[in-house]
Amino acid sequence: MLHLIGFVLGIVLKPAAALILIPASIAAGIVWGVYRGLYSYLRAVRYNTDFKPVSFVGDHEPAKRSYFYGNAYKQFLSTVKEAFASNFSALHEADEMRDDITFTRSELHEYFLWPLKLGGLFFVVSATLVVLIAGTALCAACTVFHAVILSLLWGLYSLVLCITSASDRLFLHKNKVWAQCPSYFKRIRLPAFVCRGCSTRFHRELRPNKYGIFRHTCECGAKLGSTYGTGRYRESAYCPYCMTPLTSALSKPFTVNMIGGTESGKTVYLVALYHMLKERVKGLSGDTTLSIPQGYEQRFSDLDRWFKGRVRVPNTVEFTAQTYTLMADHPSLDVKRQLIVYDIAGEAISGSNAAVNMVSLTTCDGLLVMCDPFCSSILCDRVLENGGQLPDHCSDDISVLIDDLVHFFVDLRLIKTGERCTVPIAMIVTKTDVPEVAEVLGEGAVAKAYQNSGGQGDLSQFTDQKCREFLADIGLESALRKLDMQFTNTKLFPVSSMGHGYDDTAFTPQGVCEPFYWLLKEKDKQFFDIM
C-alpha cells in the first residue's frame with residue numbers, strides 16, 4: 001500500500017517538485033555563493049589582523065614597531081591570500097551540500113530522487129558560478145576597500161605622527177631644552193632613556209616615530225612615554241655617546257666656563273659665587289628653588305666648607321673641566337634651568353693637549369675670565385715699594401691667555417680664523433681687597449668716583465671704564481685691546497671673592513654676583529628677571 005501511494009504521489013508531485021526545487025536551488029546557490037564570498041574575506045580579516053606592536057629583526061632600537069609601520073602590510077597580504085583561497089575552497093563545500101540535499105532515509109526517497117538530484121545539480125552549478133564570478137568579484141572589491149581603508153588610516157596615523165613630532169620638537173626648540181653631558185661636553189637634544197621595566201635596554205629614539213606616537217613598547221613589554229606630555233622625561237636619561245648618567249633631560253642649560261691661569265682665583269670665586277647664589281635665592285619671594293643634583297653633593301659640600309675659611313681653598317688639579325651643576329626652578333618658568341660652571345685648571349690651558357682639555361667650550365654660553373692684576377710687574381713693584389706683601393698671584397700673561405682662547409675656539413671649529421667670537425666675556429679683575437687695588441677698584445672707591453663724576457650714566461659701564469683705566473695704568477692695555485679685537489661682547493668687573501687675605505675667617509665677598517648675572521642676562525633674560 002505504501003509503495004502504491006508513493007508511486008501515485010510521485011507521478012503527480014514530481015513535476016511540481018521539480019518546478020519548485022529548481023528555481024529554489026538556483027536562488028539558494030546564489031545567496032550561498034554571495035554569503036560565502038563575503039564570509040571568506042571577513043574571516044580572513046579576523047584571523048590575520050593583530051594591532052599589537054611587534055619586534056623586527058635588524059632594528060637597532062629595542063622597541064616594537066607600531067601596527068601601521070610594522071605588520072599592517074604583511075597582514076594585508078595574508079588576508080587577501082587567505083580570502084581568495086577560502087573562496088575557492090567553497091566549490092568543494094557546494095558539492096558536499098549537494099550530497100546533503102539528495103540524501104534522505106525516507107522510503108519516499110526513490111520517488112523524488114530525480115527532482116532532488118536535479119535541484120542539487122542546479123544548486124551546485126549556480127553556487128559554483130557565483131563563487132567563481134561573484135565571490136571572486138566580492139573578494140576583489142573587499143581587497144580594494146580594505147586597501148583604501150588601510151591607506152586612509154595609515155595616512156591619518158602619519159598625520160597625527162607628524163603633528164605630534166613637530167609639536168614635540170617645537171616645544172624643545174622654543175624652550176631651548178637640551179641635556180648636557182658632563183663627561184662628553186656635548187649638548188644632546190634627545191638622550192638615551194633606560195627602560196624602567198627591565199632596566200637594561202636603552203632607547204635612543206624615544207620620540208614619535210615608527211615605534212609609536214605617544215608611547216613606545218619596549219621589547220620587555222613595558223610602555224614608555226615618547227613625548228614631553230606623555231612622560232618621556234620621567235625615565236632615567238643617559239648620554240647616547242658615552243652612556244654617562246645625565247643630571248637632567250628636561251631643562252635649559254646655562255653653561256659658564258671659568259678661564260684663568262694658575263693662582264688667578266677661579267675656585268675661590270666659585271666658592272663665593274655658590275654662597276651668594278644660595279643667599280640670593282633665600283631672599284627671593286616666591287617659589288624659586290636652587291637644588292644640588294645627585295652626585296654633586298660632595299663638591300658643593302667642599303665649597304661650603306671652604307667658604308667658612310677654616311680650610312684653605314685648594315688649587316684645581318684636574319686637567320679636564322671640573323663640573324659644578326645646580327638646578328633652578330620657578331613656577332613662571334616653562335622648564336627648569338640647569339646652571340653649569342666648568343672650573344678648568346690653569347695648567348690645562350697650555351701644552352700639547354690644551355685643545356682637548358678645553359673641549360667644554362663647545363657648549364659655552366659665557367666666559368668668566370680671571371684677570372689677576374698682580375700678573376703685572378708694575379703693580380707688584382708698587383706693592384713692594386709701599387712696604388706691602390705680595391699675595392699669592394698668577395704670573396701668566398693675560399694677553400697670551402686671550403690669544404689662547406681664540407685659538408681654542410678656532411681649533412674646536414666654533415669660529416673661523418679671523419672672526420670675532422660672539423660668546424660674551426665677563427673679565428673679572430680679582431684681588432680688589434689688596435690696598436693698592438682697593439683704592440681704585442674697591443666698592444667704596446668706585447661708588448665715590450661715580451658720585452664725583454655726577455652720577456650720570458650706567459654704574460656698571462662706569463665700573464667697566466674704571467677697570468680698563470686701572471689695567472691700562474699697570475701696563476695691561478695691550479690685553480684689553482686684544483680682548484676687544486677678538487670678542488664682540490666684553491665687560492669688566494672688580495671682584496674680591498674672599499674680601500680679605502687668606503686667614504681662618506669666613507669669606508666677605510664683594511662684587512661676586514655681578515659678572516654671573518650679566519652673563520645670565522645676555523643669554524636668559526627670563527631667568528635673570530627672576531633672580
Side-chain angles (χ1 to χ4, degrees), residues 163-182 187-191 193 196 206-208 214-215 224-238 245-256 270 272-297 299-301 303-304 323-342 363-366 368 424 426 460 509 512-531:
I163 293 174
T164 306
S165 179
S167 300
D168 192 60
R169 289 174 178 269
L170 181 63
F171 171 83
L172 299 178
H173 179 75
K174 177 179 178 292
N175 293 287
K176 299 180 180 178
V177 174
W178 295 92
Q180 185 147 329
C181 177
R187 285 188 176 172
I188 304 147
R189 185 70 84 186
L190 187 67
F193 295 92
R196 66 178 179 274
L206 198 56
R207 55 186 175 81
F214 303 107
R215 285 178 177 80
L224 307 176
S226 57
T227 68
Y228 161 73
T230 55
R232 173 173 59 206
Y233 296 103
R234 288 196 291 266
E235 315 299 333
S236 298
Y238 290 78
L246 300 177
T247 300
S248 174
L250 182 60
S251 62
K252 180 179 179 180
F254 174 67
T255 306
V256 174
L270 181 60
L273 177 63
Y274 171 56
H275 178 80
M276 297 303 291
L277 287 177
K278 283 198 306 179
E279 294 301 311
R280 175 63 176 168
V281 169
K282 288 180 183 178
L284 291 175
S285 59
D287 301 319
T288 306
T289 60
L290 195 66
S291 59
I292 300 173
Q294 185 178 1
Y296 290 88
E297 296 89 351
R299 292 185 186 180
F300 285 97
S301 176
L303 296 185
D304 277 328
T323 308
Y324 293 85
T325 297
L326 290 169
M327 297 302 300
D329 196 12
H330 188 273
S332 65
L333 297 175
D334 293 324
V335 294
K336 293 181 179 180
R337 297 302 195 264
Q338 185 176 4
L339 308 179
I340 305 170
V341 178
Y342 290 126
T363 59
C364 182
D365 291 313
L368 292 170
S460 64
V512 168
C513 289
E514 283 74 5
F516 184 82
Y517 284 159
W518 177 73
L519 293 177
L520 184 62
K521 183 179 180 181
E522 293 295 306
K523 284 295 182 177
D524 193 344
K525 183 65 165 55
Q526 183 186 18
F527 187 53
F528 170 79
D529 291 338
I530 293 173
M531 294 294 288

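Put simply, the side chain of Thr230 gets close to the backbone of Phe214: a donor and an acceptor are under 3.5 Å apart. Panel note: side chain Arg337, backbone Ala328; no donor-acceptor pair is recorded below 3.5 Å. Side-chain N or O atoms of Arg234 include none that pairs as donor or acceptor with a backbone N or O of Gly225 at under 3.5 Å.
A search for side chain to side chain donor-acceptor pair (under 3.5 Å) contacts involving Ser332 returns His330, not counting sequence neighbours. Remark: Ser226 pairs with Leu206, His216 by the side-chain contact (heavy atoms from CB on, under 4.5 Å) rule, at least two apart or across chains. Remark: Thr325 engages no residue in a side chain to side chain donor-acceptor pair (under 3.5 Å) (not counting sequence neighbours). The side chain to side chain donor-acceptor pair (under 3.5 Å) check on Asp529 picks up Lys525, with sequence neighbours excluded. Taking Thr164 as the reference, nothing meets the side chain to side chain donor-acceptor pair (under 3.5 Å) condition, with sequence neighbours excluded.
Shortest non-hydrogen contact noted between Ala249 and Val177 is O-CG1, 3.8 Å. Counting all heavy atoms, side chain and backbone alike, Ile188 lies closest to Cys181 at CD1-CB, 4.1 Å. Scanning both residues, Ser291 and Pro293, for their nearest heavy atoms gives O-CD, 3.7 Å. Residues Pro208 and Thr227 share a closest heavy-atom pair of CG-CG2, 3.6 Å.
If you take NZ on Lys523 and CH2 on Trp518, they are separated by 10.5 Å, rounding to the nearest 0.5 Å. Going from atom CG of Asp334 over to atom CG of Leu250 covers 10.0 Å, rounded to the nearest 0.5 Å. Remark: Arg299 CZ to Leu270 CG distance equals 10.5 Å, nearest 0.5 Å. For the atom pair Ile292 CD1 and Asp304 CG, the distance stands at 7.0 Å (nearest 0.5 Å). The distance from atom CG of Asp365 to atom CD1 of Ile340, rounded to the nearest 0.5 Å, is 8.5 Å. The OG1 atom of Thr255 sits 7.5 Å away from atom CD of Gln338, with the distance rounded to the nearest 0.5 Å.
Using a 4.5 Å heavy-atom cutoff, the side chains of Leu303 and His275 are not in contact. Two residues are said to be in side-chain contact when any heavy atoms from C-beta on lie closer than 4.5 Å; Tyr233 and Val335 fail this criterion. Counting heavy atoms from C-beta outward, Leu290 and Arg280 have side chains that stay 4.5 Å or more apart. Residues Lys336 and Ser248 form no side-chain contact, since every pair of their non-hydrogen atoms from C-beta on lies 4.5 Å or further apart. Counting only heavy atoms from C-beta outward, the side chains of Thr247 and Pro182 never approach each other to under 4.5 Å. In this structure, the side chains of Val512 and Tyr274 stay at 4.5 Å or more apart for every pair of heavy atoms. Within the 4.5 Å cutoff, the side chain of Lys252 has no heavy atoms near those of the Leu333 side chain.
Aromatic rings of Tyr296 and Tyr324 (six-membered ring for Trp) have centroids beyond the 6.0 Å cut-off, not under it.
Aromatic ring orientation, Phe254 versus Phe516: perpendicular (interplanar angle above 60°, classes split at 30° and 60°).
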Problem set entry | Worked verdict on Arg196 versus Leu224 for side-chain contact (heavy atoms from CB on, under 4.5 Å) | CA-CA 8 Å; Arg196 66 178 179 274; Leu224 307 176; 3.6 Å; yes
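Applying the side-chain hydrogen bond (donor to acceptor under 3.5 Å, both in side chains) definition to pairs two or more places apart or across chains, those involving residues 168-178 are Asp168-Arg232.
The 12-atom threshold is exceeded at CD of Glu297, counting heavy atoms of other residues, nucleotides or ligands nearer than 6.0 Å.
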